[in-house]
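A short write-up of the structure that comes next.
Just so we're clear, the structure is a prediction, and the values are computed from it rather than from any experiment.
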Amino acid sequence: ISWETYLDPFLIENIGGTIFIDYISIDNAGNTNQQKTEIKIDLPPSKPRITGNSKGYSGVEYEFRISSNVNHGEDIYYFIDWDDNTDSTWIGPYQSGEEIKVTHNWNEEKIYYIKAKSKDDLGKESEWGTLTINIPKNKILINYPFLKIFQNYPLLFNILQRYLIN
């Protein structure tokens, strides 16, 4: 007896990167046999999502949140490039989909492009996720020791502020 596979599957499920296909095989005599096939799709993790401040000041530590998913639910690791010649090396393991918190500060004023990628237990790596943070140059408009004089004379300070600064 030879079997022909009925090509129209009646149930397809995708569970965590594994696809299950239920179908019916029919032999030449018209006998049917229900079959189930499992196909594993091993995709890399999703591109990490980075959230946090987009503006800041040099020397101040900022918190960022990063998350990514893997299709098999295995552990996930992150590599973060801070764009200041430093990186995190691979950190983890974390659970797939878990939002992690990381901190960093910059000592120079410029625009930084934070990049992060993730990898799974099998070493498959994602694309880079990115976030831009602007650390502008601090502008000093008033000499602070001079400003301290006005603590005792708030009315004088208000007058100077109104006419000199505006």
Side-chain angles (χ1 to χ4, degrees), residues 1-140:
I1 298 177
S2 66
W3 290 86
E4 284 184 25
T5 302
Y6 188 69
L7 297 178
D8 190 17
F10 63 87
L11 180 62
I12 299 176
E13 295 177 272
N14 184 353
I15 301 172
T18 301
I19 297 177
F20 296 96
I21 303 174
D22 288 340
Y23 60 96
I24 297 174
S25 296
I26 304 173
D27 69 10
N28 294 339
N31 299 317
T32 61
N33 185 17
Q34 186 170 340
Q35 304 278 329
K36 184 173 200 149
T37 299
E38 178 181 322
I39 303 170
K40 242 185 180 171
I41 300 174
D42 191 18
L43 299 173
S46 63
K47 178 168 60 172
R49 182 172 179 255
I50 309 169
T51 58
N53 288 3
S54 61
K55 294 181 181 176
Y57 298 99
S58 64
V60 176
E61 193 161 276
Y62 292 97
E63 180 180 273
F64 299 91
R65 295 169 187 254
I66 301 174
S67 64
S68 182
N69 293 298
V70 282
N71 59 348
H72 299 300
E74 64 249 345
D75 288 337
I76 195 163
Y77 300 81
Y78 294 100
F79 182 93
I80 306 160
D81 178 345
W82 297 108
D83 194 25
D84 61 356
N85 296 319
T86 65
D87 61 61
S88 65
T89 68
W90 286 106
I91 57 173
Y94 300 98
Q95 291 182 356
S96 176
E98 176 183 356
E99 187 175 72
I100 68 163
K101 296 177 186 178
V102 291
T103 59
H104 193 71
N105 69 67
W106 292 267
N107 293 321
E108 293 182 36
E109 293 87 6
K110 71 176 210 171
I111 296 173
Y112 293 93
Y113 301 94
I114 304 166
K115 298 188 309 183
K117 65 178 170 177
S118 53
K119 74 174 177 179
D120 63 17
D121 288 336
L122 303 174
K124 290 195 182 264
E125 295 183 12
S126 71
E127 297 176 35
W128 288 101
T130 60
L131 177 72
T132 303
I133 183 168
N134 184 7
I135 308 292
K137 293 186 186 281
N138 294 330
K139 297 178 182 176
I140 300 174

* Structure fact -> Output for pair (T86 OG1, N107 CG), nearest 0.5 Å, gives 9.5 Å
* Structure fact -> Interatomic distance, CG@D81 vs OG1@T130, rounded to 0.5 Å, equals 11.5 Å
* To do: Using a strict cut-off of less than 4.0 Å between a Lys/Arg side-chain nitrogen and an Asp/Glu carboxylate oxygen, indicate whether E63 and R65 qualify as a salt bridge.
  => yes
* Asked: Can you tell me how far CG of D87 sits from CZ of F79, rounded to the nearest 0.5 angstrom?
  -> 3.5 Å
* Asked: Would one find more than 12 heavy atoms of other residues, nucleotides or ligands at under 6.0 Å from atom CD of E108?
  -> no
* Any donor-acceptor N/O pair, Y62 side chain to Y57 backbone, under 3.5 Å -> yes
* More than 12 heavy atoms of other residues, nucleotides or ligands under 6.0 Å from CD of Q95: is that the case? -> no
* From W90, Y78, Y77, residue fulfilling side-chain contact (heavy atoms from CB on, under 4.5 Å) relative to K117 -> W90
* Asked: side-chain contact (heavy atoms from CB on, under 4.5 Å) with F64: which of I80, V102, T51, I100?
  -> V102
* To do: Can you establish whether the number of heavy atoms outside E127 located under 6.0 Å from its atom CD is more than 12?
  => no
* **Flag, side chain of D83 to backbone of I114, donor-acceptor distance under 3.5 Å** => no
* Spatial distance of atom CG (L131) from atom OH (Y113) [nearest 0.5 Å] -> 11.5 Å
* Asked: Roughly how far, to the nearest 0.5 Å, is the CG atom of N53 from the CG atom of N134?
  -> 11.5 Å
* Side chain S118, main chain I76, donor-acceptor under 3.5 Å -> no
* Atom NZ in K101, atom CD1 in I66: separation rounded to 0.5 Å? -> 13.0 Å
* Donor-acceptor under 3.5 Å (W82 side chain, W106 main chain) -> no
* Structure fact -> Paired with S46, the side chain to side chain donor-acceptor pair (under 3.5 Å) test is passed by just one of S126, S67, S68, namely S68
